[in-house]
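For reference, the structure is listed below as structure tokens.
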Amino acid sequence: MDYVQIEKKWQEIWEKENRFVAPNNVEGKENKYILIEFPYPSGRGLHMGHCRSYTAIDAYARKKRLEGYNVMFPFGTDAYGLEAERTAIREHKAPQEIVERNIKTFQQQVRSIGMSIDWSRTINTCDPEYYKWTQWQFIQFFKHGLAEKREMTVNYCPNCGVLANEEVEDGTCCQCHAETTQKSKAQWVLKMTQYGERLADDLKDTDFMEHIKTSQINWIGKSEGVEVEFQIVGGGKFSIFTTCIETIYGITFMVVAPEAKLVDELKDRIENWSEVEEYRRATAKKSEFDRSELNKDKTGCILKGIKAINPVNGKEVPVYIGDFVIASYGTGAVMAVPTHDQRDYEFADKYGIEKIQVIEGDVSEKALEKYDYLGKGCKLINSEEFSGLTVEEAKKQITEKLVKLGVAEKKLNFKMRDWIFSRQRYWGEPIPMIHCEHCGWVPVPDDQLPVHLPKVESYEPTKDGESPLSLIEDWVATTCPHCGAPARRETDTMPGWAGSSWYFMRYCDANNSNEFASKEALSQWLPIDLYNGGNEHTTRHLLYARFWNKFLYDIGLSPVNEPFKRRISQGLILGSDGKKMSKSSGNGVDPLEVISNYSADALRLWMSFIGDYFESAVWNDDGVKACHKFLTRVERLQDILVDGDEISKDLEVAIHTAIKKVSQDMDNIKFNTAISALMILLNEINKVGKINHAEYKTLLTLLNPFAPHLTEELWTIQGYAPRICDMKWPTWNEEKLVKDEIEYAIQINNKIITRENFSTTATDKELEELSTTNPKVLESLNGKQIVKVIVIKNRLINIIAK
RNA sequence: GCCGAAGUGGCGAAACGGCAGACGCACACGACUCAAAAUCGUGCGGGAAACCAUGAGGGUUCGAGUCCCUCCUUCGGCACCA
């Protein structure tokens, strides 16, 4: 059989029949929304990683369809991205052109692996009909006070402008190799931290894989603490955030972020200004990543002449700037207690600062940190009226005192930061805002959306770090929608994450031109039953999308508080060298080549059989070969096909076992063992030497989700009606699985003495009796006293003897 | 550094706290064949055996690949790649 040819044939038939189009509503059918993350349509086309998750989840979707659900399984492309922009610059082509070409390739390739996609719902984030609504939704964020322009730090190259972290290598620009610095720039931000608590807490209502929940909770990093105001001797003040207010009597210095405005305000009073300036320059060269946790060697620079006053006891302490303090995180300043924070301990040692211990314990070698003292009844010392209290009690009382003094308030702080939503790049959705001298920032009116991304001559960011859009004067110049005065358009574009934050909603109503999706359509499909995607999207994309949906939910535009019921992540496909497949490392295998050598069905089967779906797996050609062989063995069953339209006694147990195993394993995303169950069934059939039509139909149906083309073909060859995709998923009968007898391992003190068949209906008492009177057991006991008998039903009996 | 995940035969891997290695690959032998390929069949962790084996070391348990603690190694993410 020519697999390549029959696969092409069936793909065309499915397409012509609109076989996988799912209407929003079908009488008598329950909806299931199964989603794979839409890909970025890179010029390299579909890779093995895509194939693994796409084909496995396609099998899942096909099974759900056979089970009688109305399944929506859509596909689209996330077109905005740096790669298209870089290719555009390199090839002197419009990114639109490049992306269009790539999308065609992607869709073609997705068809060629036999995906059961509803193509009537296809979307593409750079389509004006789509990004119109991305822009409209941004405006809703703005109208509800969740979008604002704020000074943020960015990577800056003197030649290429603002850079992504990815574009900075060891402090130099990856394109022109000039030295990069950190620069402050006004950026649109979405106030995601306002949703921090709900994003963490509402995970309890989802069925995400446990490690995904944990990752998100850690990323959000909610901490309860106190924000305290410190006065500066001679005037001025600043605030710090701490989760360890109980250590406040141990403060011996303070550290503020080098770029803090406070430092500029104090310039005249800082005695070592040139030294401070030098330190700030050095800091500007470091990325935030280098500055924060990666860097173990904490550095700082004292602000000579500046002292902060500890509000609890009036103690005056020195103030430093230190690059490990980040301006945009927390309040951009910290209190330092060397005895109870290891970082402060090392800093104090380095700069010869005193240490005051305030919690009992050993601090001679290293700090006694909160993990060491919390919840252990440790008591405060050297803390005036709070000495002698437990840390937990002191936390409460010290906070109360500071609040009463009017210098502190309880606060929640998040590790997660607000979402920087501006990009100074061409290839993204224009941010639909207009700046008017009189009215400030004004959104583009709805009837003028979308703000089309204009064609430009050059796609490179400008040297001053603005988007290339800023060079199109007649596009930028406009009038204020509010007062009609001359005004200017925002030239920043949105990040790639924008379009992907709500695409799952658009699928529900992809061709709606009046709204982003009707509430009715959304209600029919949301929440998504199964959302599959890469582990690399666990924290960002998945949080952005949840945040975006929560906002729409709050303003009444989304029917659900949580859009994804269940989230799973596939493991990576690695090259034969054990590294992630990529073009650069030359370990890539082209799926199309595999298809033409072995067939899409063989590839699909191998992608599911290769190993546990959630673990990474090493690609291996022999595996596809083996799966191809399995398919040809199934094909050859035609030779031993006999009459019979009921499952025969010969294969009853084998078939019901397979139905149960395949059904349950697929629901539990254990595709590899589902396939092994099919292999076991095939071996069993060959042992029996014949198969009747009822049995053959059952086998083909069970195999259909994994090998849809071959099973359609074999089904049609027999002239079975209706078509296999109209079949009902087989069910198993538990009674057919119950055997009369089962083999028990009989152990004495955990060592196997013998194996015996016992009735499956025997009670524990009977099994105990049967085993302890067994001749081999009696011989091995050799007069020892039986202490206890442990009976594990259908498995083993363990006799403990002395 | 921080967060997350994973370490089981020659290889990909199975295994509700209960007989470790299902299923598959590779390999070996046999059948078919003049021969080879394909196909089919048998065997296949180590050890002569007692036994020893799930990255290393401890612990809980009648019983640990699985649960707890310490450590080692590898992979993914770390906010302007998406």
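Hydrogens, waters and symmetry mates play no part in the numbers below; they use all other heavy atoms, side chains included. Lettering follows sequence order; numbering is per chain, from 1.
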Exercise for the section: Give a yes/no on whether any side-chain N or O of A/Lys629 is located under 4.0 angstrom from OP1 or OP2 of B/C25. Expected result: yes

Problem - Side-chain N or O of A/Arg417 closer than 4.0 Å to phosphate OP1/OP2 of B/A79 - result: no

Practice task
Could you check how far CE of A/Met192 sits from P of B/A79, rounded to whole Å?
Solution key: 14 Å

Exercise for the section: Would you mind pulling out the nucleotide paired to B/G43, Watson-Crick or G-U wobble, both distances under 3.5 Å? Expected result: B/C27

Completion exercise
Considering only heavy side-chain atoms of A/Glu166, the closest of B/C62, B/C81, B/A15 is B/C81

Exercise for the section: Would you indicate, yes or no, if B/A79 has its OP1 or OP2 atom less than 4.0 angstrom from a side-chain nitrogen or oxygen of A/Asn165? Expected result: yes

Problem - C1'-based separation of B/C2 from B/A13 [nearest Å] - result: 32 Å

Practice task
Cation-pi check, A/Arg567 to A/Phe208: give yes when NZ or CZ is under 6.0 Å from the six-membered ring centre and within 45° of the ring axis, no otherwise.
Solution key: no

Handout entry: Opposite nucleotide pairing with B/A50, Watson-Crick or G-U, both atom distances under 3.5 Å
Key = none

Practice task
Flag the pair A/Trp427 / A/Tyr459 as yes when their ring centroid distance falls below 6.0 Å, and as no otherwise.
Solution key: no

Practice task
Check if the side chain of A/Asn798 and the base of B/C62 share a donor-acceptor pair of N or O atoms closer than 3.5 Å.
Solution key: yes

Problem - Candidates B/C80, B/A22, B/C62 - which lies nearest the side chain of A/Val162 - result: B/C80

Practice task
By nearest nucleotide on RNA chain B, pick out whichever of A/Trp606 and A/Ile792 is the more 5' one.
Solution key: A/Trp606

Practice task
Identify whether any heavy atom of A/Gly81 sits under 4.0 Å from a base atom; if not, whether one sits that close to sugar-phosphate; answer base, sugar-phosphate or nothing.
Solution key: sugar-phosphate

Handout entry: Residue A/Asn218, side-chain heavy atoms: nucleotide from B/G77, B/G12, B/G4 that is nearest
Key = B/G4

Practice task
Tell which nucleotide pairs with B/C75, taking only Watson-Crick or G-U wobble pairs whose two distances are both under 3.5 angstrom.
Solution key: B/G4

Completion exercise
Of the listed B/C62, B/A82, B/C80, the closest approach to the A/Ile800 side chain comes from B/C62

Exercise for the section: Could you tell me whether A/Leu82 contacts a base, only the sugar-phosphate backbone, or nothing, with contacts defined as non-hydrogen atoms closer than 4.0 Å? Expected result: sugar-phosphate

Practice task
Tell whether A/Gln747 reaches the base of B/C62 with its side chain through a donor-acceptor pair below 3.5 angstrom.
Solution key: no

Exercise for the section: With C1' as the reference atom in both, quote the distance from B/A64 to B/A15 in angstrom, rounded to an integer. Expected result: 13 Å

Handout entry: Pair A/Phe324 and A/Phe347, ring centroids less than 6.0 Å apart
Key = yes

Problem - Any strand: nucleotide that pairs with B/C80 via Watson-Crick or wobble, under 3.5 Å - result: none

Handout entry: Distance test, side-chain N/O of A/Lys625 to OP1/OP2 of B/A38, below 4.0 Å
Key = no

Practice task
Assign A/Trp497 to base, sugar-phosphate, or nothing according to its heavy-atom contacts below 4.0 angstrom with the strands shown.
Solution key: base

Exercise for the section: Select base, sugar-phosphate, or nothing to describe what A/Asp612 touches, counting heavy atoms under 4.0 Å on all strands. Expected result: sugar-phosphate

Problem - Gap in Å between the two C1' atoms, one belonging to B/G10 and one to B/G21, rounded - result: 14 Å

Problem - Short side-chain N/O contact from A/Asn683 to OP1 or OP2 of B/G24, under 4.0 Å - result: yes

Exercise for the section: Have a look at A/Gln424 and say if it touches a base, only the backbone sugar-phosphate, or nothing, with a 4.0 Å heavy-atom cut-off. Expected result: base

Handout entry: Flag, side chain of A/Tyr130 to backbone of A/Gly499, donor-acceptor distance under 3.5 Å
Key = yes

Handout entry: Touch class at under 4.0 angstrom, heavy-atom based, for A/Ser422 against every strand present
Key = base

Exercise for the section: Measure from CG on A/Leu572 to P on B/U74 and round the result to the nearest Å. Expected result: 17 Å

Practice task
Tell me whether B/G9 sits syn or anti, counting syn as a glycosidic angle within 90° of 0.
Solution key: syn

Practice task
Determine: side-chain N/O of A/Asn750 to OP1/OP2 of B/G18, distance under 4.0 Å, yes or no.
Solution key: no

Exercise for the section: Please state the P separation for the pair B/C11 and B/G47 - nearest whole angstrom. Expected result: 15 Å

Practice task
Could you tell me the separation between the CG atom of A/Asn668 and the C1' atom of B/C16, rounded to a whole number of Å?
Solution key: 12 Å

Practice task
Starting at atom CD of A/Glu615, determine the distance to atom C1' of B/A6, rounded to an integer number of angstrom.
Solution key: 6 Å

Problem - Separation of the C1' atoms in B/G43 and B/C25, to the nearest angstrom - result: 16 Å

Practice task
Just call it for A/Lys793: base, sugar-phosphate, or nothing, with non-hydrogen atoms closer than 4.0 Å on any strand.
Solution key: nothing

Handout entry: Distance-only side-chain donor-acceptor flag, A/Asn750 / A/Asn798, under 3.5 Å
Key = yes

Exercise for the section: Report yes if a side-chain nitrogen or oxygen of A/Arg540 is closer than 4.0 Å to either non-bridging phosphate oxygen (OP1 or OP2) of B/A82; otherwise report no. Expected result: no

Completion exercise
Per nearest nucleotide of RNA chain B, the residue lying toward the 5' end, A/Thr539 or A/Ile680, is A/Ile680

Handout entry: Whole-Å distance separating the CG atom of A/Asp78 from the P atom of B/A82
Key = 8 Å

Handout entry: Side chains of A/Gln424 and A/Ser467, donor plus acceptor under 3.5 Å
Key = no

Problem - Rounded distance (Å) that lies between atom C1' of B/A79 and atom CD of A/Glu167 - result: 15 Å

Exercise for the section: Would you classify A/Tyr80 as touching base, sugar-phosphate or nothing, given that sugar-phosphate means primed atoms plus P, OP1 and OP2, and contacts are heavy atoms under 4.0 Å? Expected result: sugar-phosphate

Exercise for the section: Report yes if the side chains of A/Trp606 and A/His628 come closer than 4.5 Å at any heavy-atom pair, otherwise no. Expected result: no

Handout entry: Minimum-distance nucleotide (side-chain atoms of A/Arg795 versus B/G18, B/C80, B/C23)
Key = B/G18

Exercise for the section: Please confirm whether the backbone N or O of A/Ala801 pairs with a side-chain atom of A/Lys784, one donor and one acceptor, at under 3.5 Å? Expected result: no

Exercise for the section: For B/U54 versus B/C67, give the span between their C1' atoms, rounded off to a whole number of Å. Expected result: 16 Å

Fill in the blank from the handout: Regarding the side chain of A/Ala617, the nearest nucleotide among B/C81, B/C80, B/A13 is B/A13

Handout entry: Spacing of A/Asn535 atom CG relative to B/G77 atom P, expressed in whole Å
Key = 10 Å

Practice task
Using the P atom on both, measure B/C27 against B/A36 and round to a whole Å.
Solution key: 16 Å

Completion exercise
Winner on side-chain proximity to A/Asp622, out of B/A26, B/C80, B/A79, is B/A26

Exercise for the section: Step through it carefully: locate the ring centre of A/Phe421, locate the ring centre of A/Phe138, and say whether they are under 6.0 Å apart. Expected result: yes

Exercise for the section: Would you mind reading off the distance between A/Lys661 atom NZ and B/A22 atom C1', rounded to a whole angstrom? Expected result: 9 Å

Problem - Under-4.0 Å side-chain N/O to phosphate OP1/OP2 contact, A/Arg633 with B/C40 - result: yes

Completion exercise
Re B/A13: Watson-Crick or G-U wobble partner, both distances kept under 3.5 Å, found to be none

Handout entry: Integer angstrom distance from the P of B/U60 to that of B/C68
Key = 15 Å

Practice task
Check every atom of B/G18, B/G4, B/G24 against the side chain of A/Ser215 and return the nucleotide holding the closest atom.
Solution key: B/G4

Practice task
Counting Watson-Crick and G-U wobble pairs only, both distances under 3.5 Å, name the nucleotide matched with B/U33, or none.
Solution key: none

Exercise for the section: Can you figure out which of B/A82, B/A22, B/C25 approaches the side chain of A/Ala626 most closely? Expected result: B/C25

Practice task
Please confirm whether the backbone N or O of A/Pro41 pairs with a side-chain atom of A/Asn102, one donor and one acceptor, at under 3.5 Å?
Solution key: yes

Exercise for the section: Look at all strands and tell whether A/His537 reaches a base, only sugar-phosphate, or nothing, counting heavy atoms closer than 4.0 Å. Expected result: base

